[in-house]
2 protein chains.
Amino acid sequence: MYQETAAFEHYIRDHGLRMTNARRAVLEEIFSHHEHIDADRLHAAMRGKGLDVSRATVYRNLDLLADCGLVRKYRLDRHRVLYEHMHAGMEHDHMVCRECGRVVEFVNRDLRAQQEEICRAHGFDPDDLTVQVVGCCITCKKARAARGSAPPSGP
Amino acid sequence: MYQETAAFEHYIRDHGLRMTNARRAVLEEIFSHHEHIDADRLHAAMRGKGLDVSRATVYRNLDLLADCGLVRKYRLDRHRVLYEHMHAGMEHDHMVCRECGRVVEFVNRDLRAQQEEICRAHGFDPDDLTVQVVGCCITCKKARAARGSAPPSGP
DNA sequence: TTTCTTATTGAGACAGCGTCTCAATTCGCC
DNA sequence: GGCGAATTGAGACGCTGTCTCAATAAGAAA
């Protein structure tokens with residue numbers, strides 16, 4: 001947490017911004033959740049702890065944290081935007097199950113390297129590389145198979 | 001167009017649905033645009049041609065077309081969801097420039113193969129593999145460099 | 001420490017994209 | 001042609017995120 005606070009304060013100062021209680025609170029909150037969370041849930045969690053920060057401020061500061069690279073913003077679909085703090089160097093991607101909505105993380109260095117290579121080839125300077133896989137997870141696949149092979153059974 | 005109509009009608013019948021004028025119209029419209037387009041723009045284009053189809057119907061049928069695999073739904077960010085028809089077998093991905101908003105397509109078979117491999121390893125059955133790169137395109141990069149090397153000049 | 005400037009905040013109105021509702025219409029099987 | 005069900009149209013609605021603007025507070029300067 002020390003590192004992140006320091007990095008954030010550094011960024012804040014460098015950009016002529018000001019460090020506030022609300023900013024510290026959002027930073028601490030997002031770093032206390034070790035998994036994806038959406039802005040409104042985070043906001044609710046903060047209020048639940050008695051932290052009186054407005055919704056707009058949570059949104060504003062999550063975006064600020066995303067800008068300075070401490071937080072990653074990840075859009076699943078129209079109704080789900082997740083934020084997660086960067087756990088040093090662990091760039092990962094997501095598989096989203098269409099049926100149960102479960103999000104599975106995976107890390108693959110080769111995939112990243114290849115994406116960077118493609119960007120280079122197109123003279124494109126990437127800020128964010130995202131691989132998003134939408135499909136059906138192993139659990140739902142099994143459930144579906146079970147239903148399929150034993151439908152509303154015989155006479 | 002024959003193939004797509006046939007495929008669509010086949011899907012429609014297989015799922016106990018009905019083929020309607022609105023469905024045919026949406027199918028024809030999306031296949032007449034050989035690039036990404038959003039639902040509202042498509043709707044406007046249809047009305048412009050005198051096709052009297054409601055917004056809700058366009059949304060509904062674009063989703064239906066996406067379900068049956070004839071159309072791909074691609075989300076850039078909160079405010080941009082693009083649809084594009086599948087041009088047989090040409091699975092591609094997108095790079096979006098953060099500055100000018102330009103969308104560059106690229107195709108890379110290795111990248112796809114690798115994603116599929118990862119899915120297999122996780123027992124995940126992919127419906128849609130998306131690689132989304134957000135960054136800065138070569139044009140904007142040059143523009144930025146030009147500004148950077150010759151800022152509001154000397155005293 | 002007090003003062004002063006200005007970034008930030010809070011509350012809620014607002015915006016945009018989709019979705020939902022439900023009566024009216026249309027499909028397509030008989 | 002007639003019937004039952006799927007589909008449509010029009011607009012209200014919902015949700016996430018942004019904007020507004022007065023009030024507040026950070027932090028530099030005195």
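Just so we're on the same page: letters track the sequence lines, and every chain starts at 1.
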Is the shortest heavy-atom distance from the side chain of A/Val131 to the side chain of B/Gln115 under 4.5 Å? yes
Taking atom P of C/dG28 as reference, at what distance in whole Å does atom NE2 of B/His15 sit? 16 Å
OP1 or OP2 of D/dA26 sitting under 4.0 Å from any side-chain N/O of A/Asn21? yes
Polar side-chain atom of A/His36 near backbone of A/Tyr74 as donor-acceptor pair, under 3.5 Å: no
Might you work through the salt bridge (Lys or Arg N to Asp or Glu O under 4.0 Å) test for A/Glu9 and A/Arg24, ending with a clear yes or no? CA-CA 9 Å; A/Glu9 295 193 339; A/Arg24 261 185 287 269; 3.6 Å; yes
Hey, does A/Met46 have a side-chain heavy atom less than 4.5 Å from the side chain of A/Val58? yes
Check this for me: does the side-chain of A/Arg13 come within 3.5 Å of the base of D/dG27 through a donor and an acceptor? no
Given that A/Ala56 and A/Leu64 both sit by DNA chain C, which one's nearest nucleotide is further toward the 5' end? A/Leu64
Could you tell me how far apart B/Asp40 (CG) and C/dT19 (C1') are, to the nearest whole angstrom? 13 Å
How many whole angstroms separate atom CG of A/Asp63 from atom P of C/dT8? 14 Å
Residue closer to the 5' end of DNA chain C, B/Thr20 versus B/Lys73 (nearest nucleotide): B/Lys73
B/Leu17 CG to C/dG28 P, in whole Å, measures 11 Å
Look at A/Ser54 and C/dT9 and indicate whether a side-chain polar atom (N or O) is within less than 4.0 Å of OP1 or OP2. no
Examine the base of C/dT6 for any acceptor or donor lying under 3.5 Å from a partner atom in the side chain of A/Arg18, and report the outcome as yes or no. yes
Take the protein atom CZ of B/Arg60 and the nucleotide atom P of C/dT26, then report the distance between them rounded to whole Å. 15 Å
Has the side chain of A/Arg55 got a donor or acceptor atom sitting under 3.5 Å from an opposite partner on the base of C/dA11? no
Is A/Asn61 close enough to C/dT8 that one of its side-chain N or O atoms is under 4.0 Å from OP1 or OP2 there? no
What is the separation between atom OH on A/Tyr59 and atom C1' on C/dT9, rounded to the nearest whole Å? 17 Å
Protein-nucleotide distance (B/Tyr74, atom OH; C/dC17, atom P), rounded to Å: 17 Å
Out of C/dT8, D/dA10, D/dT8, which has the shortest distance to the side chain of B/Arg23? D/dT8
Is the shortest side-chain heavy-atom distance between A/Met86 and A/Leu70 below 4.5 Å? no
Can you tell me how far P of C/dC17 sits from CG of B/Asp38, to the nearest Å? 7 Å
